[in-house]
*Asks:* 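I'd like to ask some things about the structure below.
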Protein chains: 2
Amino acid sequence: MIKTGLFENIAEVSDEARNAFIGYLEEIEAEKGYKLENAGEVSNYLFYIAQGSARSFYIRDNRDITVSFSLEGEFVTAMHSFITRSPSYETIETLEKSLLYRISYENLQRCFQEFQDLERVYRIILEKYYIALEEQMIFSKFKSAKERYLELMEKKPKIIQRASVGHIASFLDMTIETLSRVRSKI
Amino acid sequence: MIKTGLFENIAEVSDEARNAFIGYLEEIEAEKGYKLENAGEVSNYLFYIAQGSARSFYIRDNRDITVSFSLEGEFVTAMHSFITRSPSYETIETLEKSLLYRISYENLQRCFQEFQDLERVYRIILEKYYIALEEQMIFSKFKSAKERYLELMEKKPKIIQRASVGHIASFLDMTIETLSRVRSKI
DNA sequence: CTGAGAATTTGATTTTTATCAAGGTAGGGT
DNA sequence: ACCCTACCTTGATAAAAATCAAATTCTCAG
């Protein structure tokens with residue numbers, strides 16, 4: 001059952017807590033381009049991607065800049081907005097037809113009040129996401145345009161298939177032209 | 001009292017939980033250059049900087065690359081190592097004489113087992129650090145060398161005073177020479 | 001106070017990447 | 001199938017930053 005995939009690899013959660021959490025989940029069958037969050041609005045949901053993929057992006061100076069890609073088995077939300085309850089600068093959209101589960105901010109807080117297990121699971125997930133972000137940041141400090149692309153190919157090959165050159169280029173901090181040249185010389 | 005500064009701005013913690021936590025803290029008076037963590041070793045402590053400052057860096061290809069600066073009132077540890085219990089790639093050292101408090105990994109976990117309050121506080125701190133890291137990452141995507149320097153000056157002016165040009169340059173992802181030229185043209 | 005070594009600045013040159021400008025290609029809608 | 005529009009590639013040039021190489025300034029141990 002897919003919903004329980006959320007808990008894979010995560011330490012012992014009581015059946016009670018698990019069922020409470022699952023009870024709050026809403027299933028969403030999203031087409032390609034479905035907006036999970038919109039810039040300017042407060043992010044009200046934490047999403048889990050059961051199938052599919054998504055990207056988060058900013059619009060600035062009329063440019064669309066991708067800041068992250070999320071794949072199956074990952075959680076995604078506009079973190080800053082979700083946590084601070086202030087309007088989001090970022091928009092999140094699916095890259096393909098996707099199956100999502102979402103829980104609202106209020107219900108998530110309710111879960112934390114009721115079940116320490118769930119707060120712990122969330123804390124551990126947050127830790128993992130934190131160190132993933134740290135690694136991404138550090139790796140980008142050490143690498144050239146070509147190396148960044150090769151690393152992406154190795155670590156998240158699925159993105160190369162799903163996302164457009166423009167999305168990948170802005171994510172890797174280079175122009176579309178540079179990415180195109182990098183790809184042609186592999 | 002300085003120790004309680006740790007809890008500033010953080011939601012309700014019971015006296016009991018607070019006292020348990022404080023009971024585990026060790027005070028450390030560190031000279032400039034004191035190593036909080038060493039590359040190659042497992043990070044065993046979460047540090048709180050009561051006074052002073054620190055920097056985290058990696059050595060790669062014989063180059064010393066600063067990945068973050070931490071100031072008074074902030075927590076710092078080699079997150080990846082602390083969380084995964086595997087050897088750290090990063091070293092953390094004080095930039096000046098500093099007053100630190102530290103809690104061991106084991107005792108922190110003990111606190112979480114005993115007091116849900118503390119796990120919540122930790123979770124909220126982690127959220128704040130996560131979004132700070134996200135912001136840092138996003139901002140670096142939009143800015144030139146000069147703009148990155150100006151932003152650092154504005155947001156963390158203390159670092160400009162305390163850290164060397166080499167530390168600042170690698171943190172801002174530019175060479176020492178580029179930083180020197182940027183500074184001369186302000 | 002002094003000198004050696006380290007850190008920083010300045011200058012010349014090269015490399016990398018962005019920008020500007022055409023062309024080419026692929027896929028969806030009629 | 002065919003056009004239209006988006007997207008992608010390629011080429012020429014410009015800009016930004018890195019690298020290499022001195023020269024200068026700072027620091028602190030003796």
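In the text below, chain A, chain B and the rest are named by the order of the sequence lines, each starting its count at 1. What's counted below: heavy atoms across the whole structure, side chains too, no hydrogens, waters or symmetry copies.
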*Asks:* Looking at Glu93(B) and Lys35(B), is any side-chain nitrogen of the basic one under 4.0 Å from a carboxylate oxygen of the acidic one?
*Replies:*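 Yes, charged N to carboxylate O under 4.0 Å.
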
*Asks:* Between dA18(D), dT19(C), dT10(D), which nucleotide has the shortest distance from any of its atoms to the side chain of Thr175(B)?
*Replies:*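 Shortest atom-to-atom distance from the side chain points to dA18(D).
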
*Asks:* Quick check on dA6(D): syn or anti? Syn means the glycosidic torsion is within 90 degrees of zero.
*Replies:*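 Syn, angle within 90° of zero.
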
*Asks:* If the plane angle is over 60° it's perpendicular, under 30° parallel, otherwise tilted; pick one for Phe69(A) and Phe171(A).
*Replies:*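 Phe69(A) vs Phe171(A) ring planes: perpendicular.
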
*Asks:* Checking side chain to side chain donor-acceptor pair (under 3.5 Å) for the pair Ser43(B)/Ser88(B): CA distance, chi angles, key distance, verdict?
*Replies:* CA-CA 7 Å; Ser43(B) 168; Ser88(B) 172; over 6 Å; no

*Asks:* Taking a pair as Watson-Crick or G-U wobble with both distances under 3.5 Å, which nucleotide is matched to dT25(C)?
*Replies:*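 Partner of dT25(C): none.
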
*Asks:* Output the rounded distance in Å from CG (Leu179(B)) to C1' (dT10(C)).
*Replies:*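 In whole Å, dT10(C) C1' lies 14 Å from Leu179(B) CG.
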
*Asks:* Taking only the side-chain heavy atoms of Ser144(B) (C-beta and beyond), determine which of dA17(D), dT9(D), dT8(C) contains the nearest atom.
*Replies:*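 When the side chain of Ser144(B) is considered, dA17(D) is the closest of dA17(D), dT9(D), dT8(C).
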
*Asks:* Please give, in whole Å, the distance from dA16(D) C1' to Met174(A) CE?
*Replies:*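 Whole-Å distance recorded here is 16 Å.
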
*Asks:* Could you state the NZ-C1' distance from Lys32(A) to dA6(D), rounded to the nearest angstrom?
*Replies:*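 It is 11 Å, rounded to the nearest whole Å.
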
*Asks:* Taking only the side-chain heavy atoms of Arg181(B) (C-beta and beyond), determine which of dC8(D), dT19(D), dA18(D) contains the nearest atom.
*Replies:*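 The answer is dT19(D), which lies nearest to the side chain.
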
*Asks:* Please confirm whether Arg18(A) makes a cation-pi placement over Phe21(A), using NZ or CZ under 6.0 Å from the six-membered ring centre and within 45° of the ring normal.
*Replies:*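 Checked: cation-pi criterion not met.
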
*Asks:* Calculate the interatomic distance between Leu172(A) atom CG and dA18(C) atom P; express it in whole Å.
*Replies:*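 About 11 Å, once rounded to whole Å.
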
*Asks:* Could you check Glu177(A) against Ile176(B) and say which one's nearest nucleotide on DNA chain C is further toward the 5' end?
*Replies:*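 It is Ile176(B), whose closest nucleotide lies nearer the 5' terminus.
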
*Asks:* In Watson-Crick or G-U wobble terms, both distances under 3.5 Å, what is the partner of dA6(D)?
*Replies:*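 None - no nucleotide pairs with dA6(D), as no candidate has both distances under 3.5 Å.
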
*Asks:* Over how many whole Å does the gap from Tyr149(A) atom OH to dT17(C) atom C1' extend?
*Replies:*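 For the pair Tyr149(A) OH and dT17(C) C1', the rounded distance is 18 Å.
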
*Asks:* What integer distance in Å separates Arg148(A):CZ from dT16(C):P?
*Replies:*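 Going from CZ in Arg148(A) over to P in dT16(C) covers 13 Å.
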
*Asks:* Round to the nearest Å and state the distance from Asp173(B) atom CG to dT17(C) atom P.
*Replies:*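 Roughly 12 Å, once rounded to whole Å.
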
*Asks:* Ignoring backbone atoms, test whether Thr178(B) places a side-chain nitrogen or oxygen under 4.0 Å from the OP1 or OP2 oxygen of dA17(D).
*Replies:*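 False: Thr178(B) side-chain N/O out of range (4.0 Å or more) of dA17(D) OP1/OP2.
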
*Asks:* Whole Å only: how far is the NZ atom of Lys143(A) from the P atom of dA18(D)?
*Replies:*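 Result: 18 Å.
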
*Asks:* Do the two ring centres, one from Tyr105(B) and one from Tyr45(B), sit under 6.0 Å apart?
*Replies:*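 No: the rings miss the under 6.0 Å criterion.
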
